[in-house]
Amino acid sequence: MKKKQFLIILYLLSIHPVFSLELDNPEIDEFINYMHQQHGLEIDYVTSVLNAAEYQQSIIDAISSPAEFTWTWEKYRNLFIEGRRINNGKIFLNKHKAVFDRAESEYGVPKEVVAAILGVETRYGKIMGKYKVIDALATLGFYYPRRQKFFRSELEEFLLLVNENELALNEIKGSYAGAMGFGQFISSSYRNFAVDFDNDGRADLLNSPEDAIGSIANYLVKNGWVRGLPILWNIENNFLNQDDIGFNKVGTKLSRNTLRKHISETQNFLGNKFMLLEYEIDGVQNYYVGSENFISITTYNRSHFYAKVVQELATKLGYSDA
Ligand SMILES: [Ca+2]
């Protein structure tokens with residue numbers, strides 16, 4: 001039976017197929033050769049790694065409908081801003097207080113912001129993902145054309161990460177998108193931004209909450225976090241008094257109508273020093289200007305829902321923008 005027909009039948013049966021990658025796929029072959037030529041990994045090694053990887057339909061299904069893009073703000077917010085996550089955040093902050101304080105003073109990122117990211121990503125390390133990272137990256141790198149370039153690059157980074165750090169490749173689990181550990185770093189972020197914050201000689205984001213805390217703070221700083229700057233300003237009441245909120249900093253005066261026109265394209269402001277933001281609660285629009293620190297959080301996850309939820313959870317944990 002041809003693979004396409006096979007896939008269609010499985011789909012019609014509404015089950016979640018899992019099968020080994022087909023190593024005669026020329027793109028996989030090309031990748032194996034690339035890893036050998038570019039990085040000196042043995043052909044046999046890369047082949048055996050990919051041979052053991054499994055295609056998982058549920059990974060494709062999950063990435064096709066991420067909550068950030070299909071949910072309303074209220075639904076998204078309610079998932080994260082709730083009693084248990086807030087209380088556990090306070091407990092986690094208290095348990096690791098010395099480390100959080102050290103990260104805050106070293107990097108200038110408030111401890112509640114780092115804790116909020118940990119809370120949103122993994123409930124402070126409780127849920128770090130059920131998929132084998134190798135399965136996620138191989139599935140998306142070779143069977144998800146829309147973003148295969150990105151995921152193939154992350155697969156490359158993952159193999160390098162595993163080899164550089166002598167990690168047990170087949171034991172590493174993460175999200176459907178291959179994000180790992182306490183802070184759900186993707187492989188390239190792990191290689192670029194992880195720090196050894198408990199000083200045991202290695203940056204271990206899978207097992208060390210201390211390393212995760214330092215690494216998240218380092219990530220934000222390397223991606224534009226400014227010490228002491230608020231994350232966002234509420235502009236509901238003083239919007240017309242634009243000078244107070246710094247629109248002029250980028251030489252632009254915006255009317256409310258202009259703002260309305262732009263709020264659906266907030267990502268376009270990533271190249272500037274602020275983002276204009278709108279969130280609807282109970283049918284009422286709330287407007288904000290996100291600072292460079294807000295933008296820094298969006299580099300962790302490009303959704304402005306995500307960044308706002310981090311800011312709100314941090315506030316519940318004791319952070320203040322004032
Ligand atoms: Ca360490």
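Values below: every heavy atom of this structure, side chains too, minus hydrogens, waters and symmetry copies. Throughout, residue positions are numbered sequentially from 1 according to the sequence presented.
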Hey, quick one: are [X] and [Y] part of the same hydrophobic cluster, counting side-chain heavy atoms closer than 4.5 Å, chains of contacts allowed?
| X | Y | value |
| --- | --- | --- |
| Y45 | V133 | yes |
| L79 | Y124 | yes |
| I127 | L118 | no |

State whether the side chain of [X] and the backbone N or O of [Y] hold a donor-acceptor pair below 3.5 Å, judged by distance alone.
| X | Y | value |
| --- | --- | --- |
| S153 | K149 | no |
| T298 | R302 | no |
| E104 | K111 | yes |
| Q184 | G181 | yes |
| T139 | E54 | yes |
| R227 | V109 | no |
| N293 | L229 | yes |
| N165 | L167 | no |

Please determine, by modelled atom types, if S208 and E210 share a side-chain donor-acceptor pair under 3.5 angstrom.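 Yes, E210 and S208 have a side-chain donor paired with an acceptor closer than 3.5 Å.
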
Side chains of S188 and E154: is there a donor and an acceptor less than 3.5 Å apart?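 E154 and S188 do have a side-chain donor-acceptor pair below 3.5 Å.
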
Name all residues meeting the side chain to side chain contact (heavy atoms under 4.5 Å, CB included) criterion together with [X]; count only those two or more places apart in sequence or in a different chain, and write none if there are none.
| X | answer |
| --- | --- |
| T315 | Q311, Y319 |
| E106 | R102, F197 |
| D196 | D198, D200, D211 |

Please give me the minimum heavy-atom distance between [X] and [Y], naming the atom from each residue.
| X | Y | value |
| --- | --- | --- |
| G129 | K173 | O-CB, 3.7 Å |
| L50 | A138 | CD2-CB, 4.4 Å |
| G214 | Y107 | O-CE1, 3.8 Å |
| A194 | F185 | N-CE2, 4.4 Å |
| D135 | A53 | OD1-CA, 3.4 Å |
| L206 | F182 | O-CE1, 3.8 Å |

Find out whether K308 and R77 are in side-chain contact, i.e. whether some heavy atom of one side chain is under 4.5 Å from a heavy atom of the other.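 SC-SC contact between K308 and R77 ruled out.
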
Flag side-chain contact, heavy atom, 4.5 Å: V120 against Y306: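 With C-beta onward as the side chain, the pair touches.
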
Ring-face cation contact, Y144 with R147, 6.0 Å cut, 45° max: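 No.
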
Please work out whether the ring planes of W73 and Y279 are parallel, tilted or perpendicular, with thresholds of 30° and 60°.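 Judged by the thresholds at 30° and 60°, the geometry between W73 and Y279 is tilted.
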
Quick one: side chains of residues 88-98, donor-acceptor pairs under 3.5 Å with protein atoms, not counting sequence neighbours, listed by atom name and distance.
residue, atom, partner, partner atom, Å
N88, ND2, R84, O, 3.3
K97, NZ, D101, OD2, 2.7

Residues in salt bridge (Lys or Arg N to Asp or Glu O under 4.0 Å) with R123, at least two apart?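 With neighbours one apart ignored, the set is E82.
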
Derivation and outcome, ring pair (Phe, Tyr, Trp, His ring centres under 6.0 Å), residues Y55 and F142: CA-CA 9 Å; Y55 170 91; F142 297 111; over 10 Å; no

Is a salt bridge present between K316 and E312, judged by a nitrogen-to-oxygen distance below 4.0 Å?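 The answer is no: the pair does not qualify as a salt bridge.
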
Between E164 and R191, does any side-chain N to carboxylate O distance fall below 4.0 Å?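 Counted as a salt bridge, because a side-chain N and a carboxylate O are separated by less than 4.0 Å.
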
Are Y219 and Y300 close enough, and set up right, to give a ring pair (Phe, Tyr, Trp, His ring centres under 6.0 Å), and what steps lead you there? CA-CA 8 Å; Y219 180 101; Y300 208 96; 5.0 Å; yes

Between Y131 and Y176, does the ring centre distance come in under 6.0 Å?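 Ring-ring flag for Y131/Y176: false, centres at least 6.0 Å apart.
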
Name each donor-acceptor pair under 3.5 Å that joins a side chain in residues 35-43 to protein atoms two or more places apart or in another chain, with its distance.
residue, atom, partner, partner atom, Å
H36, ND1, L41, O, 2.8
H39, NE2, E156, OE2, 2.6

Stepwise, does the side chain to side chain donor-acceptor pair (under 3.5 Å) test hold for E74 with N78? CA-CA 6 Å; E74 265 178 294; N78 291 341; 5.6 Å; no

